[in-house]
2 protein chains.
Amino acid sequence: MQQLADTLKNKQLKVTPQRLAIYNILYNSKEHPTAEIIYQSLQDTHPTMSLATVYKTIDTLKKSNLIVELKTNGDSYRYDADISEHHHGICGSCGEVFDIFTNRLDTLILEVQKDTDFHIDSHHIYFKGTCPMCLPNNSIQH
Amino acid sequence: MQQLADTLKNKQLKVTPQRLAIYNILYNSKEHPTAEIIYQSLQDTHPTMSLATVYKTIDTLKKSNLIVELKTNGDSYRYDADISEHHHGICGSCGEVFDIFTNRLDTLILEVQKDTDFHIDSHHIYFKGTCPMCLPNNSIQH
DNA sequence: TACTTGATGATAACGATTATCGAAAGAAGG
DNA sequence: CCTTCTTTCGATAATCGTTATCATCAAGTA
């Protein structure tokens with residue numbers, strides 16, 4: 001928690017209880033929660049937390065590159081405080097979002113640059129399919 | 001136009017003027033338009049076209065895999081009737097969405113499968129950066 | 001203590017998409 | 001051509017995630 005506070009400070013951000021709580025949830029979760037889920041998770045410990053604060057804090061963290069916004073299948077954005085190079089798999093069965101770590105794409109992205117006039121700064125890669133938990137149940141693939 | 005009508009028929013879809021008009025716009029456009037833009041484009045030739053019809057037709061075409069939905073930067077989805085294997089670049093300067101054709105990723109996706117328990121059916125790859133038109137103006141990259 | 005600035009909380013506003021439902025248009029069979 | 005049946009269309013209301021507004025609060029400073 002102190003480590004997270006330091007990270008915020010290093011980004012010139014005021015360390016408020018709300019920011020720390022939201023960043024902490026994102027940092028210690030593999031669920032890639034939505035703003036609404038973060039809000040719900042904080043009801044116990046921070047009952048006065050406003051949903052607007054969640055959105056504003058997310059925006060702040062996003063602009064400081066402490067979290068990444070994921071455009072997945074659902075109606076809402078999801079967020080990820082793991083900013084290391086990795087990709088995401090979206091399970092068509094349960095809807096969960098999973099981290100996919102691979103180094104096979106890293107150098108190749110540079111290669112793709114050779115095929116286009118577009119100047120590439122970053123990339124967002126989503127895989128759709130079935131997660132390991134749902135695979136046994138869903139033998140039928142769409 | 002007749003070709004598009006046949007494509008709709010082959011997908012067991014009724015060929016209505018509205019569907020043909022919307023599919024035609026998507027098919028003959030490289031702009032990856034939003035529903036609203038499609039609606040605006042049709043005001044001249046189909047003044048009675050309803051925005052709801054645009055959305056419903058998009059949904060129909062989507063379910064028949066005749067178009068692909070793109071989650072880009074803006075507030076709205078964009079759509080692409082080019083269903084061949086290609087990717088998209090989103091220009092951070094002008095906001096346009098560009099096609100990026102490359103075959104460098106094709107086999108690699110299969111390789112990625114080896115690194116994860118997630119069963120991959122499809123992938124969506126977005127590149128963010130600066131388009132050729134904006135590059136000269138924007139020497140400063142974010 | 002007063003002043004300044006930025007963050008928070010409550011809520012209204014916004015905007016893209018979806019749902020609803022009566023009317024219109026096709027398709028199928030006489 | 002006429003029914004009948006089904007699907008699609010158009011107009012509009014409803015939904016819902018996100019943003020904007022604004023008064024209040026908290027932290028830092030003189």
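Chain A is the first sequence line, chain B the second, and so forth, proteins listed ahead of strands; every chain is numbered from 1.
For residues 89-99 of chain A, no residue pair satisfies the salt bridge (charged side-chain N to carboxylate O under 4.0 Å, His left out) rule, not counting sequence neighbours. Within the structure, no pair that satisfies the salt bridge (charged side-chain N to carboxylate O under 4.0 Å, His left out) test touches residues 24-38 of chain B, not counting sequence neighbours. Sorted by first and then second residue, the salt bridge (charged side-chain N to carboxylate O under 4.0 Å, His left out) pairs with a member in residues 72-94 of chain A form an empty list; sequence neighbours excluded. Sorted by first and then second residue, the ring-ring contact (aromatic ring centres under 6.0 Å, His included) pairs involving residues 32-76 of chain B (not counting sequence neighbours) are B:H32-B:H88.
Rounded to whole Å, the distance from CD on B:Q12 to P on C:dA27 is 14 Å. If you take CG of B:L20 and C1' of C:dA25, they are 16 Å apart, rounded to a whole angstrom. Here the C1' atom of nucleotide C:dA7 and the CE atom of A:M49 are 12 Å apart, to the nearest Å. Atoms CD1 (A:I58) and P (C:dA7) sit 16 Å apart, rounded to a whole Å. Taking atom CG of residue A:L42 and atom P of nucleotide C:dT8, one finds them 12 Å apart after rounding to whole Å.
Distances shorter than 4.0 Å separate some side-chain N or O of B:T48 from OP1 or OP2 on D:dG10.
Annotation: B:D117, atom CG; neighbour count of heavy atoms from other residues, nucleotides and ligands within 6.0 Å does not exceed 12.
Every residue meeting the side chain to side chain contact (heavy atoms under 4.5 Å, CB included) condition with A:V112, not counting sequence neighbours, appears here in chain and number order: A:I120, B:I100, B:T102, B:R104, B:L105, B:F127.
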Table of protein N/O atoms under 3.5 Å from nucleotides 14-24 of chain D N/O atoms:
residue, atom, partner, partner atom, Å
D:dT18, OP1, A:Y77, N, 2.9
D:dT18, OP2, A:Y55, OH, 2.5
D:dT18, O5', A:Y55, OH, 3.4

Any N/O pairs under 3.5 Å between the protein and nucleotides 6-8 of chain D? List them or say none.
residue, atom, partner, partner atom, Å
D:dT7, O4', B:K14, NZ, 3.4
D:dT8, OP1, B:R19, NH1, 3.3
D:dT8, OP1, B:R19, NH2, 2.8
D:dT8, O5', B:R19, NH2, 3.4

Check residues 57-66 of chain A and write down every donor-acceptor pair under 3.5 Å in which the side-chain atom is one partner and the other belongs to a residue at least two apart or another chain.
residue, atom, partner, partner atom, Å
A:T57, OG1, A:T53, O, 2.7
A:D59, OD2, A:K63, NZ, 3.0
A:T60, OG1, A:K56, O, 2.9
A:K62, NZ, A:E69, OE2, 3.0
A:S64, OG, A:T60, O, 3.4

Could you list the donor-acceptor pairs under 3.5 angstrom formed by side chains in residues 1-9 of chain A, with sequence neighbours left out?
residue, atom, partner, partner atom, Å
A:Q2, NE2, A:D6, OD1, 3.0
A:T7, OG1, A:Q3, O, 2.9

